[in-house]
Amino acid sequence: PYTTSLQLLVNMNALIVIGLCALGANAQFFSGVHPYSAYNPNFLHSAAFNPAVASPITYAAAVAPFVAPTTITHQHHTQDEFGQYNFGFAGGPSSRHEVRDAFGGVRGSYNYIDANGELQTQSYVADALGFRVAGTNLPVAPKAVDAPVLVGPEPVMETAEVTAARATHQKLFDEAVAAAARK
């Protein structure tokens, strides 16, 4: 037990000494007020990176005054641990709102102003029934013309040969049934 604890002590001391040597090798020379100030005679850094400036910088062009935007914008986002979320924004030429429920169904809508200056609005639903969308810019099929009323064909009429064959067959069938009943 004594040799094991002595080895542990030596190993720990060696580790501390090696760590201090590594820190000392990477340490910087702090002799001034601040290590990176112009008043620090730090010999480990090049003078090319001296932050002291000989004269202030001036610009010839005047800066245009800042005009605050007049568009009122709004955005929101909420979510919970069940995967539900609700987010949206409004302002400028567009807006959007989307909601996801705990069952994974997503409903939302957005709008924007297209290249012709018209407001376009899309609404969508994505749930167990699939993805469905309705929008003001989706193509619409032309209205179907009314179909003409169709009259069905007349029922098939039996010819004289068929009527005679049916009567002969019925007569023979009745005779066979009577003969079977007599036995």
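Atom set for the values below is all heavy atoms of this structure, side chains included, hydrogens, waters and symmetry mates excluded. Being a predicted model, the structure only gives us computed values, none of them experimental.
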Ion pair Arg132/Asp127, N-O distance below 4.0 Å: yes
pair Leu138-Gln122: side-chain heavy atoms closer than 4.5 Å: no
Residues, nucleotides or ligands: over 12 heavy atoms within 6.0 Å of Asn116 CG: yes
Backbone of Thr159 reached by a side-chain donor or acceptor of Thr163 within 3.5 Å: yes
CD (Glu154) with more than 12 external heavy atoms under 6.0 Å: no
Minimal non-hydrogen separation, Ala90 against Ser95, with atom names: CA-CB, 3.8 Å
For Gln120, the option from Ile113, Asn111, Thr136 that meets side chain to side chain contact (heavy atoms under 4.5 Å, CB included): Thr136
Pairs touching residues 85-122 that satisfy ring-ring contact (aromatic ring centres under 6.0 Å, His included), sequence neighbours left out: His76-His97, Tyr85-Phe87
Spacing of Arg166 atom CZ and Glu161 atom CD [to the nearest 0.5 Å]: 13.5 Å
Shortest non-hydrogen contact from Phe131 toward Val133: CE2-CB, 3.9 Å
side-chain contact (heavy atoms from CB on, under 4.5 Å) evaluation trace for Asn137 with Asp114: CA-CA 10 Å; Asn137 63 345; Asp114 67 4; over 6 Å; no
No-hydrogen, no-angle side-chain donor-acceptor test under 3.5 Å, Gln79 and His77: yes
